[in-house]
Structures are given as structure tokens and as C-alpha cells.
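The next block holds one structure in the form of C-alpha cells; read it before the comments.
Side chains are part of it too, since the values below use all heavy atoms of this structure and drop only hydrogens, waters and symmetry mates. Because the structure is a prediction, the values reported are computed rather than measured.
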Amino acid sequence: MIDLVVYGSFVALGVLVGKAVHLLATRRPMVARAPALKWVEGAVLCVCAGLPSYVFSLFVGFGQSSSEACVAQSGRRAGAYVGYEESLFPRSGLCHWADGTSTDLVPMWVNPLIFSCIAGAALCAAFAIRAAVRQKETLEHE
């Protein structure tokens, strides 16, 4: 399952690069012309921005044991390390120390960005539905 998310993040980065190229070439912020499709495009872009950030957070401390990553990140001595606890959603990688404190290996900007992208995608999807319903009503009245 994780490998699917990782491959999806490469696709998402490709979509974002394609979007940037389109914007530079045409000076139009959206590819779509219909209002509903513009909102769908916005939802896709929100997902494409959040997915690579999530995948980035999965690889924090990659290639190291949890104790090595915790010691390297925090600068504390290895003898004070007690344990490690990880959560996939919301993302966290907590290093627990002998004095009762904990340090999170996942950068603090990751979760707000992921939640903002989820909220943006949901909002854009709601506006896409609203625009599609309005467009249908307009066509029926004509």
C-alpha cells in the first residue's frame, strides 16, 4: 500500500510540474474552461500538493534505526533514548526520552499542510458540484 502512495506522489509531482509549465506557457491559471471543471482541477491540485508532503514525512529518518534517527535529530545522547512511536495519520514519529519528554521527527509543517490540502480538495469538490448543478439548471431553463 505504501509503495502505491509513493508512486502516486511521483505522478502528483508530474502533474504539478505540468501545471507550472501550462501556466508559464499560456498565462492562464486553469486548463479547464467550464466552471465545474475548474473546481475539479483545483481539487486535483490540492491532492497533488499534499501527497508528496505526506510521502516526504514517511522517509524522515530513512535508512537509520529509530534510535539512531532520534539521537541524530535531537542531539541528545543515545543512553537517554527510551522508545519510538509512529503514527501514519496524522503523521508523527515520537522519540521518547528517559526524562519523560518526547521529540517528533516529522517536521511541524507537514500535518498543517496535509490537512490544508485535504480541506482545499473537499472545498473545491463541493464547489464543483455546486457549479455543475447551477450549469444544469441554467441549461434546463433555456
Side-chain angles (χ1 to χ4, degrees), residues 1-76 78 80-142:
M1 178 66 176
I2 294 295
D3 54 341
L4 184 63
V5 173
V6 171
Y7 294 136
S9 72
F10 286 118
V11 172
L13 287 172
V15 169
L16 291 174
V17 168
K19 183 64 180 172
V21 168
H22 170 265
L23 180 62
L24 291 172
T26 64
R27 305 276 190 231
R28 283 191 6 238
M30 299 305 229
V31 174
R33 300 232 185 243
L37 293 179
K38 287 181 181 181
W39 287 110
V40 170
E41 188 176 338
V44 169
L45 290 174
C46 285
V47 171
C48 287
L51 189 60
S53 302
Y54 182 81
V55 169
F56 164 78
S57 72
L58 292 175
F59 290 103
V60 170
F62 183 73
Q64 298 176 321
S65 69
S66 58
S67 62
E68 290 172 343
C70 289
V71 169
Q73 179 95 7
S74 69
R76 294 184 179 206
Y81 174 78
V82 175
Y84 181 75
E85 180 183 355
E86 186 172 31
S87 169
L88 290 177
F89 194 79
R91 284 295 299 137
S92 71
L94 291 176
C95 303
H96 297 288
W97 303 98
D99 62 0
T101 61
S102 59
T103 307
D104 198 351
L105 293 181
V106 177
M108 62 189 249
W109 56 266
V110 170
N111 283 320
L113 178 65
I114 291 169
F115 289 127
S116 298
C117 290
I118 291 170
L123 195 62
C124 286
F127 278 115
I129 293 169
R130 179 177 164 225
V133 168
R134 283 188 173 179
Q135 184 178 2
K136 183 180 176 190
E137 289 174 353
T138 304
L139 291 175
E140 287 176 356
H141 291 305
E142 288 179 359

Output the distance between atom [atom1] ([X]) and atom [atom2] ([Y]), rounded to the nearest 0.5 Å.
X      : Y      : atom1 : atom2 : answer
Glu86  : Ser57  : CD    : OG    : 8.5 Å
Arg28  : Arg33  : CZ    : CZ    : 4.0 Å
Leu123 : Ile118 : CG    : CD1   : 13.5 Å

Practice task
Decide yes or no for Ile114 and Pro90: does some side-chain heavy atom of the first lie under 4.5 Å from some side-chain heavy atom of the second?
Solution key: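 No, too far: nothing below the 4.5 Å cut-off.
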
Practice task
Would you mind reporting whether Leu58 and Leu88 have side-chain heavy atoms less than 4.5 Å apart?
Solution key: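 Side chain of Leu88 against side chain of Leu58, heavy atoms only: contact under 4.5 Å found.
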
Practice task
For residues 85-123, pull every pair meeting disulfide bond (SG atoms under 2.5 Å apart), keeping only residues two or more places apart or in separate chains.
Solution key: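 Applying disulfide bond (SG atoms under 2.5 Å apart) to every pair that reaches into residues 85-123, excluding sequence neighbours, yields Cys70-Cys95.
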
Can you check whether [Y]'s main-chain N or O pairs, donor with acceptor, with [X]'s side chain at less than 3.5 Å?
X      : Y     : value
Glu41  : Val31 : yes
Arg27  : Leu23 : no
Asn111 : Arg91 : yes
Tyr81  : Glu68 : no

Could you report the tightest heavy-atom contact between [X] and [Y], atom names first, then the distance?
X      : Y      : value
Asp104 : Gly93  : OD1-N, 2.8 Å
Ser53  : Val110 : O-CG1, 4.0 Å
Ala43  : Cys124 : N-CB, 3.5 Å
Gln64  : Ala72  : NE2-CB, 4.4 Å
Leu16  : Cys48  : CD1-O, 3.3 Å
Tyr84  : Leu105 : CE1-CD1, 3.7 Å

Handout entry: Val44/Lys19 under side-chain contact (heavy atoms from CB on, under 4.5 Å): CA gap, chis, key distance, verdict
Key = CA-CA 11 Å; Val44 169; Lys19 183 64 180 172; over 6 Å; no

Handout entry: Residue pairs fulfilling ring pair (Phe, Tyr, Trp, His ring centres under 6.0 Å) with at least one residue in residues 8-48, sequence neighbours excluded
Key =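 Qualifying pairs, neighbours excluded: Trp39-Phe127.
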
Exercise for the section: Assess the pair Phe115 and Phe89: is the distance between their ring centroids shorter than 6.0 Å? Expected result: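 Yes, the ring centres sit under 6.0 Å apart.
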
